[in-house]
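All remarks here apply to the structure that follows.
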Number of protein chains: 2
Amino acid sequence: MPKIVDHNERKIKIAEATWNVIVREGLENASVRKIASEANLSVGSLRHYFPSQSDLFLFSMELVSERVRKRIENKNDDKPPLELFQEALLEVLPIDEDRKIEMEVWLVFSAKTLVDRRLEELSKNVFIQMRTGIEKIINSLDSLQLLKEDVDLHVEAIRLHALIDGLATHHILHPNTLTNEEMILTLRYHLQSLCKEV
Amino acid sequence: MPKIVDHNERKIKIAEATWNVIVREGLENASVRKIASEANLSVGSLRHYFPSQSDLFLFSMELVSERVRKRIENKNDDKPPLELFQEALLEVLPIDEDRKIEMEVWLVFSAKTLVDRRLEELSKNVFIQMRTGIEKIINSLDSLQLLKEDVDLHVEAIRLHALIDGLATHHILHPNTLTNEEMILTLRYHLQSLCKEV
DNA sequence: ATAGTATTAGTACAGTTGTATTAAAAAGGG
DNA sequence: CCCTTTTTAATACAACTGTACTAATACTAT
């Protein structure tokens, strides 16, 4: 009967336009009008897919976490575990332009998290998922007896988690001072330092 | 002749009002009117001290770095070096309510850094100062022959720097999931892991 | 006291904001 | 073709934004 548009596909397109505006002009200038214009839509049309700006922002932030999650899931090769873990963790770092954009958007929304309950909820869930994943990696390394003897598994998970986000944030905010190479090198160095000598 | 007001003192008062508004309602709602009201001033009066909102934000962000810097400078006791370094680094973490507020404000402004040249400049300078300080600590530990043999001084500085900011950010964003105690414990654990066994 | 200036306050303005409302356009099924 | 419903577009509105301007106020030094 009527014109049919794939809602989810369209919403993703709008969310990507939101990313663009945020990266170019910042969250405080990401008005509904600018986003609609960036997506080549009218404001009324955009609001047909996102009833409110809050919905749009929530979906746009959520899209970042989905992209990252899918990327990690596609990494299930049959490589040696240490190498596989290393690659999975590297997926979370902003190692190329696409990932830098996503991380930058995530960073900006994370700040808003402090005064936005809906974004806070999402942020918390993703944080716990990430922590759980890192704990699994640490525990797996331990089960494989690859870790040094005197490590504290719980603290090591916290440390690795903080290190990854710290490196990512530093590279996003100061790409010239903390280069891509240093970021990757430091993560590898850290993982090596956890493991027994070869 | 005229009424005299200590400009710098007044500006600090206004900046602290800015912090309050940012923590309570977020940077996007930190309008000149709200900040003036929070500081019990009229908008016209506020603008007598800060000609533009940009000036106000820059000063307010700068005030955070000054507070942290002064705190570290006051730490020059005559304790054993490892302990002294540990305490200096703990000063950067949001270990109490005042420091949490400052770090939260810093975090929010850091995100704005990505689209604001003046804030970016400040952020870059503070980042480099922090990195330099951490390098000095690592190098001192090495000179005192406290470090393990196989450490890479450059990478260790990057790693410690990222770990500290990562821990701080995680505690600010997820205080219930990364507790104050875990944050401090993890930093101590890390420093121990760099040093020779006793 | 009074003159003069730093400081405050009030008002105004043009622009932007999110959202609501309403109607036109488009397209698939009969 | 035409009906039905999705999708688009346009307009309107009240609230808020940063900033400019003007005048009143408060206080100090002579």
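The chains referred to below are lettered A, B, ... by the order of the sequence lines, with proteins before strands, and numbering in each begins at 1. Just so it is clear, the structure is predicted and the values come from calculations on it, not from any experiment.
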Problem - Parallel, tilted or perpendicular: ring planes of Phe127(A) versus His170(B), cut at 30 and 60 degrees - result: perpendicular

Handout entry: Rounded distance (Å) that lies between atom C1' of dT7(D) and atom CG of Leu46(A)
Key = 13 Å

Practice task
Would you mind reading off the distance between Arg10(B) atom CZ and dA26(D) atom C1', rounded to a whole angstrom?
Solution key: 13 Å

Fill in the blank from the handout: Minimal heavy-atom distance between Met183(B) and Ala168(B), with the atoms involved, is SD-CA, 4.3 Å

Practice task
Would you mind telling me which of dT7(D), dA9(D), dT8(C) lies closest to the side-chain atoms of Val5(A)?
Solution key: dT7(D)

Exercise for the section: With heavy atoms under 4.0 Å as the rule, sort Phe50(B) into base, sugar-phosphate or nothing. Expected result: nothing

Exercise for the section: Round to the nearest Å and state the distance from Gln53(B) atom CD to dT16(C) atom P. Expected result: 16 Å

Exercise for the section: Write down the distance between CG (Asn40(B)) and P (dT7(C)), rounded to a whole number of angstrom. Expected result: 18 Å

Exercise for the section: Using the closest heavy atom to pick a nucleotide of DNA chain D for each, name whichever of Ile4(A) or Val43(B) lands nearer the 5' end. Expected result: Ile4(A)

Exercise for the section: Check if the side chain of Arg33(A) and the base of dG18(C) share a donor-acceptor pair of N or O atoms closer than 3.5 Å. Expected result: yes

Practice task
May I have the distance from Asn29(B) (atom CG) to dA15(D) (atom P), rounded to whole angstrom?
Solution key: 17 Å

Problem - Asp6(B) vs Glu28(A), nearer the 5' end of DNA chain C by closest nucleotide - result: Asp6(B)

Completion exercise
Between CG of Leu41(B) and P of dG10(C) the distance, given in whole Å, is 12 Å

Problem - Pair Glu62(A) + Lys11(A): basic N to acidic O under 4.0 Å - result: no

Problem - Pairwise salt bridge (Lys or Arg N to Asp or Glu O under 4.0 Å) hits with a residue in residues 121-147 of chain A, at least two apart - result: none

Problem - Gap between atoms NE2 and P, on His48(B) and dG10(C) respectively (whole Å) - result: 17 Å

Fill in the blank from the handout: Of the candidates dT19(D), dT19(C), dT7(C), the side chain of Val32(B) sits closest to dT19(D)

Fill in the blank from the handout: Which of dA20(C), dA9(D), dG18(C) is nearest the side chain of Arg47(A)? It is dA20(C)

Practice task
Report yes if a side-chain nitrogen or oxygen of His7(B) is closer than 4.0 Å to either non-bridging phosphate oxygen (OP1 or OP2) of dT7(C); otherwise report no.
Solution key: yes

Practice task
Establish, with yes or no, whether the OP1 or OP2 oxygen of dT6(D) is under 4.0 angstrom from a side-chain nitrogen or oxygen of Tyr49(A).
Solution key: no

Exercise for the section: For dT17(C), take OP1 and OP2 only and decide whether either is under 4.0 Å from a side-chain N or O of Ser31(A). Expected result: yes

Exercise for the section: Check the pair Arg67(B) / Glu16(B) against salt bridge (charged side-chain N to carboxylate O under 4.0 Å, His left out), numbers first and verdict last. Expected result: CA-CA 12 Å; Arg67(B) 288 277 167 87; Glu16(B) 286 174 339; 2.8 Å; yes

Problem - Euclidean distance, atom NZ of residue Lys34(B) to atom P of dC16(D) [Å, nearest integer] - result: 8 Å

